[in-house]
Amino acid sequence: MLTDTMSRGLKALEPVEPGHLKFYSCGPTVYNLAHIGNFRTFITADLVVRTAEALGWKVSYVSNITDVGHLTQDDVADATGEDKMAAALRAKGQEFANVWDLARFYADAFIDDWRKLNLREPLVRPRATEHMREQIQAVDQLVKSGHAYATPSGVYFRLSSFPEHGKLSGNVDKEQLQVGVRDVVVDDNKEHPGDFALWKQDDKHLMQWFSPWGWGFPGWHIECSAMAMKYLGETLDLHAGGEDLVFPHHESEIAQSECLTGKTFSNHWIHTRFLVVDGEKMSKSKGNFYTVRDLVEDRGQDPIALRFALMATPYNKPLNFTMQSLSDAGKNVERFRECRRVAESTLDRPGSADISQELDRIYGEALDAMCDDLNTSVALARALEGTGVIFRDQSRLGGESSKIALEYLDRIEELLGICPSSQVEERSFEAELELDMILRSELKAAKKFDEADAIRLKWLDQGVELRDTPEGTIWKLVQS
RNA sequence: GGCGGCGUGCCCAAGUGGUUAAGGGGAAGGUCUGCAAAACCUUUAUUCAGCGGUUCGAAUCCGCUCGCCGCCUCCA
């Protein structure tokens, strides 16, 4: 069951081809580093994929990268005709040779952050600039079928040819919409102010392609229609994006696509609610604007903890992100890591813990929660309950039961992506640390505890915590 | 003006008509430990923004009030 924006309620997600989900998720425009709010949306898509896979479905997952600069970013029509990518280039001109270079840089950074957050790779990650032919053909077809018309400055979609426009957002009554204040496509030749651009001509635009209407560039909405249909066919099972995309982006995608094919564009729509920081909308001027890099690289936060924090509230409610919520999430992620460590370190000894049924039950409940409109709050609670079962029985853990515990953690990782198997952490001081750990255990054996504690404190100052466990001393990095 | 969401303990948050209001963080006490850390155990909301109504029964449904927030042609 999944909320469907179109019907405004819960609806079973039923792929046209049973057991094979065709899923398109709108990606970012790469004129800047994506922020954590963007990633909340991509995590939602990731969880759809993971849940469908856990149900044994095949998933064809497509998520685009918009690497064409589109409309202007100012509240009023921008006389310079400058788009977001051009504006970014102007601001960071020293760093990039041209808009193409800039787009490539931010697209790479985006994919890098994507991987850090343990997001599933899509089947295809199409880029707008690499699908220009498809877009031009789509526009051409719309013109030929009377759904679009050309003016001296561009090609526009004829809204009056698609009376259903507005069915997704509820913005049906066009008279109620604030008219044209931010309609940057100022063109007296438009038939209706709401007609949106499919193709635009503008000499100043930094990316240009040749088309039947002369040199120009595509409108924002056409890329998703063209790319979704190219890879997934004329009707999608599910289309996702941020709540801001409901109108106008998805509304326009529907109009274009359905006029093109005469078929339903997507049978199901989900939209992730916005994230706010400290109760307020993120904005650079408020100083509460975070990118993955800000948190992970500059502040040394664990990317998996960030992922956990971003899924702590279900996607269909606004999420309030705070540094407190991130540190809470970090504690939970550490718990999963510790749980995995316990299971791994007891693998070689005999054990008698009988946890198989209980863990199966808990996993089943976590999966049920995900199937209930991606209720991540409940799914995470259940996942955590499983670690409790493992820890409670840790003295009797061993052999087969340790293996069962690890399998549980692996299944939770597949479903929720919050307990990846630990990678080897590398630090340059490793040799010195090894020596100190040996020295410290000798001191402990000789009951010279003051000196042993001094070693522990010394490393703690450097962000390394030494812990004595039944299996010997271990170390881990701690947040400074 | 149009469309929509939210208000649950110190913090985050699940729960949308019916036994004791999930879970996490924090705090307090205890077990274990040379000490730490981790883990485990115990405690931490007679109450769900306020008021009124429907009902045998409401955090959950209805109405009003207060407060907060999002979208309405840049945005995930």
Rounded to whole Å, CG of A/N320 lies from C1' of B/rU8 at a distance of 15 Å
**Asked** Touch check for A/T272, heavy atoms < 4.0 angstrom, all strands: base, sugar-phosphate only, or nothing?
**Response** nothing
Note to self: Rounding to an integer number of angstrom, what distance separates B/rU16 and B/rA27 when you compare their P atoms?
What the structure shows: 32 Å
Centroid-centroid under 6.0 Å between A/Y61 and A/Y231 rings:
no
- Query: With ring centroids as reference points, do A/H147 and A/F162 lie under 6.0 angstrom apart?
  - Reply: no
Rounded to whole Å, the CZ-P distance (A/F274 to B/rC69) equals 16 Å
If pairing means Watson-Crick or G-U wobble with both distances under 3.5 Å, then the partner of B/rU33 is none
Answer for the Watson-Crick or wobble partner of B/rG1, both distances under 3.5 Å, is B/rC72
Rounded to the nearest 0.5 Å, the CD1 atom of A/I254 sits from the NZ atom of A/K167 at a distance of 5.5 Å
- Any side-chain heavy atom of A/F157 within less than 4.5 Å of one from A/C259? yes
**Study point:** Rounded distance in Å between the P positions of B/rC32 and B/rG25
**Key:** 23 Å
Next on the checklist: Within 45 degrees of the ring normal and closer than 6.0 Å to the centroid, is that where the cationic atom of A/R456 sits relative to A/W475?
Outcome noted: no
Pairing partner of B/rC56, by Watson-Crick or G-U wobble and under 3.5 Å for both distances, is B/rG18
A/L326 atom CG is separated from B/rG26 atom C1', nearest whole Å, by 16 Å
With sugar-phosphate taken as primed atoms, P, OP1 and OP2 and all else as base, the protein-contact string of nucleotides 31-42 of chain B at under 4.0 Å (heavy atoms; B, S, -) is ---BBBBSSSS-
Taken to the nearest whole Å, CE/A/M282 to C1'/B/rC69 is 15 Å
- Task: In whole angstrom, give me the gap between the P atoms of B/rG53 and B/rC48.
- Result: 16 Å
Open item on the list: Using atom C1' in both nucleotides, what's the gap between B/rA45 and B/rU20 to the nearest angstrom?
Closed with: 13 Å
Rounded to whole Å, CG of A/D278 lies from P of B/rC68 at a distance of 17 Å
From the list A/V48, A/L416, A/V378, side chain to side chain contact (heavy atoms under 4.5 Å, CB included) partner of A/M370 resolves to A/L416
When every non-hydrogen atom of A/A148 is compared with those of A/V155, the smallest separation belongs to CB-CG1, 4.1 Å
In whole angstroms, the gap separating P of B/rG4 from NE2 of A/H250 amounts to 19 Å
From CG of A/D373 across to P of B/rU16 the rounded distance in Å is 12 Å
Can you tell me how far P in B/rA22 sits from the matching atom in B/rU46, rounded to whole Å?
13 Å
- Message: Determine whether A/C339 and A/L409 satisfy the following criterion, side-chain contact (heavy atoms from CB on, under 4.5 Å), listing intermediate values before the conclusion.
- Response: CA-CA 8 Å; A/C339 191; A/L409 292 170; 4.1 Å; yes
State, with a plain yes or no, whether a side-chain heavy atom of A/Y156 is found less than 4.5 Å away from one of A/L198.
-> no
Fill in: Validation row: A/M311, A/T44 side chains within 4.5 angstrom (heavy atoms)
no
Contact check, residues 377-385 of chain A vs RNA chain B, heavy-atom distance under 4.0 Å, returns A/S377, A/V378, A/A381, A/R382, A/L384
Using Watson-Crick geometry (N1-N3 plus N6-O4 or O6-N4) or G-U wobble (N1-O2, O6-N3), each under 3.5 Å, B/rC66 is paired with B/rG7
- Query: Distance between the P atoms of B/rC41 and B/rG52, in whole angstroms?
  - Reply: 43 Å
Rounded distance in Å between the C1' positions of B/rG17 and B/rA59:
11 Å
Distance between C1' atoms of B/rG15 and B/rU47 (Å, rounded)
14 Å
Discussion item. For A/H250 and A/H239, I'd like to know if the aromatic rings sit close, meaning centre-to-centre distance below 6.0 Å.
Written reply: yes
In numerical order, the residues of residues 35-51 of chain A whose heavy atoms come under 4.0 Å of RNA chain B are A/H35, A/G37, A/N38, A/T41
For B/rU46, the nucleotide meeting Watson-Crick or G-U wobble distances (both under 3.5 Å) is none
Taken to the nearest whole Å, CE/A/M370 to P/B/rG23 is 20 Å
### Query
Taking the six-membered ring for Trp, are the ring centroids of A/Y290 and A/F39 within less than 6.0 Å of each other?
no
Using the ring centroid of each side chain, check whether A/F105 and A/F96 are separated by less than 6.0 Å.
yes
Closest to the 5' end of RNA chain B, once A/T313 and A/F196 are matched to their nearest nucleotides, is A/T313
- Query: Looking at A/N375, does any N or O in its side chain come under 4.0 Å of the phosphate oxygens OP1/OP2 on B/rG15?
  - Reply: yes
